[in-house]
Amino acid sequence: MLIALIIAAEIGFWVTLGAGLAARYLLRWRRVSTVLLVCVPLIDVVLLVATIIDLRRGAEPEWGHGLAALYIGFSVAFGKDMIRWADERFARRFAGGPEPWKPPTHGWAKTAYEWKAWGKAMLGWAVAAVLLGLGYLLVDDPDKGRTLLGWALKPAVPLAIWFIFWPLWETMFPSKPKKAKAPLERMKDLLDR
């Protein structure tokens, strides 16, 4: 049941976000939009409460509980960015808004961006680890609760790969701006297509 709730939370996130943006940009209902957008993080609260209730009722800790903690942790870390991403594109498409922000593509700005993104992932992992630790404390049997603690290590390998190939790589070998092609080269590329 918890897996279905996680799926429902993800669907609910995007549906509520879409409804809030539609109310803001298509219908021009600012107050309704604000209420809907404030409800977006409440979806994570519902998932958290459902997970706590499930564990307190004596449910066997399983991978659904661990996944719920990771989902909430990374939602806390990246939720604001996802909402901003959707808002910028919705405003551009339906309200003539400015071009959406794009991450830097080279130099120290890109390096700083990569470190910040990885730092957010680490924050998501930390929030998930705290939630998993609290879940462990909620379970009456420590042997059963170890399943939850095992979930705290699951993001370690992907986060290490992320660290090596993005922030560390950009620090050691900063991206350089792409060289603009001369007009004749661009024309040749068009003719070759």
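Residue indices begin at 1 and follow the sequence shown. As the structure is a prediction and not an experimental result, all values here were calculated from the model.
Val46 and Leu134 fall into different hydrophobic clusters, where Ile, Leu, Val, Met, Phe, Trp and Tyr are joined by side-chain heavy atoms under 4.5 Å apart, directly or via other members. In the hydrophobic clustering of this structure, Leu55 groups with Ile3; members are Ile, Leu, Val, Met, Phe, Trp, Tyr whose side-chain heavy atoms approach within less than 4.5 Å, directly or through other members. Note on Val38: it does not cluster hydrophobically with Val49, by side-chain heavy-atom contacts below 4.5 Å among ILVMFWY residues. Linking ILVMFWY residues whenever their side-chain heavy atoms come closer than 4.5 Å, directly or via other members, leaves Ile43 and Val15 in distinct clusters. Under the 4.5 Å side-chain heavy-atom criterion for Ile, Leu, Val, Met, Phe, Trp and Tyr, Leu138 and Leu48 are members of the same hydrophobic cluster.
A donor-acceptor distance shorter than 3.5 angstrom exists from the side chain of Arg92 to the backbone of Gly97, with no hydrogens or angles considered. Trp125 places a side-chain N or O within donor-acceptor distance of the main-chain N or O of Ala152, the cut-off being under 3.5 Å. With Thr16 contributing its side chain and Leu36 its backbone, the two residues share no donor-acceptor pair below 3.5 Å.
Ring-plane geometry between Trp118 and Phe163 is classed as tilted, the angle between the planes lying from 30 to 60 degrees on a 0 to 90 degree scale.
Heavy atoms from other residues, nucleotides or ligands lying under 6.0 Å from CZ of Phe94 number more than 12. Heavy atoms from other residues, nucleotides or ligands lying under 6.0 Å from CH2 of Trp29 number 12 at most. In Trp169, the CH2 atom is not crowded: 12 or fewer heavy atoms of neighbouring residues, nucleotides or ligands sit closer than 6.0 Å. The local environment of CZ in Arg93 is sparse, with at most 12 non-hydrogen atoms from other residues, nucleotides or ligands closer than 6.0 Å.
Scanning both residues, Glu60 and His65, for their nearest heavy atoms gives O-CE1, 3.5 Å. Across Leu148 and Gly135, no two heavy atoms sit closer than the pair CD1-C, 3.4 Å. Summarising the geometry of Gly20 relative to Ser33, their closest heavy-atom pair is O-OG, 2.9 Å, with the distance given to 0.1 Å. The heavy-atom pair separating Leu17 from Ala86 by the smallest distance is CD2-CB, 3.6 Å. When every heavy atom of Ala128 is checked against every heavy atom of Leu70, the shortest pair comes out as CB-CD2, 3.5 Å. Annotation for Leu5 and Ala50: closest pair CD2-CB, 3.1 Å, computed over non-hydrogen atoms.
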### Message
Test side chain to side chain donor-acceptor pair (under 3.5 Å) on Glu10 and Trp14; report intermediate values, then the result.
### Response
CA-CA 7 Å; Glu10 182 66 13; Trp14 290 106; 2.8 Å; yes

### Query
Given Arg84 and Asp87, is the side chain to side chain contact (heavy atoms under 4.5 Å, CB included) satisfied, shown in steps?
CA-CA 5 Å; Arg84 186 184 68 235; Asp87 184 46; 5.5 Å; no

### Task
For Glu114 and Lys110, run salt bridge (charged side-chain N to carboxylate O under 4.0 Å, His left out): C-alpha distance rounded to whole Å, both residues' side-chain angles, the deciding distance at 0.1 Å, then the answer.
CA-CA 6 Å; Glu114 294 298 344; Lys110 174 146 174 81; 2.9 Å; yes

### Task
Test Met82 against Phe13 for side chain to side chain contact (heavy atoms under 4.5 Å, CB included), laying out the working first.
CA-CA 10 Å; Met82 292 187 324; Phe13 172 86; 3.6 Å; yes

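Phe90 places a side-chain heavy atom less than 4.5 Å from the side chain of Leu26. Counting only heavy atoms from C-beta outward, the side chains of Trp162 and Pro167 approach each other to under 4.5 Å. The shortest distance between side-chain heavy atoms of Tyr71 and Asp44 falls below 4.5 Å. Using a 4.5 Å heavy-atom cutoff, the side chains of Pro142 and Tyr136 are in contact. Side-chain contact between Val32 and Arg24 is absent, with no heavy-atom pair separated by less than 4.5 Å.
Contacts of Arg56 classified as salt bridge (Lys or Arg N to Asp or Glu O under 4.0 Å), with partners at least two apart in sequence or in another chain: none.
Checked by atom type, the side-chain pair Thr147/Glu62 shows no donor-acceptor distance below 3.5 Å.
A distance of 9.0 Å separates OG in Ser175 from NE2 in His106, rounded to the nearest 0.5 Å. Distance check: Ile164 CD1 to Met172 CE gives 10.5 Å after rounding to the nearest 0.5 Å. Atom CG in Leu67 sits 5.0 Å away from atom CH2 in Trp151 (nearest 0.5 Å). Here CD1 of Ile72 is found 4.0 Å from CG of Leu47. Values are rounded to the nearest 0.5 Å. Leu153 CG to Leu132 CG: the interatomic distance, rounded to the nearest 0.5 Å, is 9.5 Å. Here the straight-line distance linking atom OG1 of Thr171 with atom CZ of Phe173 works out to 10.5 Å at 0.5 Å rounding.
Under the 4.0 Å criterion applied to side-chain N and carboxylate O atoms, Asp54 and Arg57 are not assigned as salt-bridge partners.
Taking the six-membered ring for Trp and the full ring otherwise, Phe78 and Trp85 have centroids separated by 6.0 Å or more.
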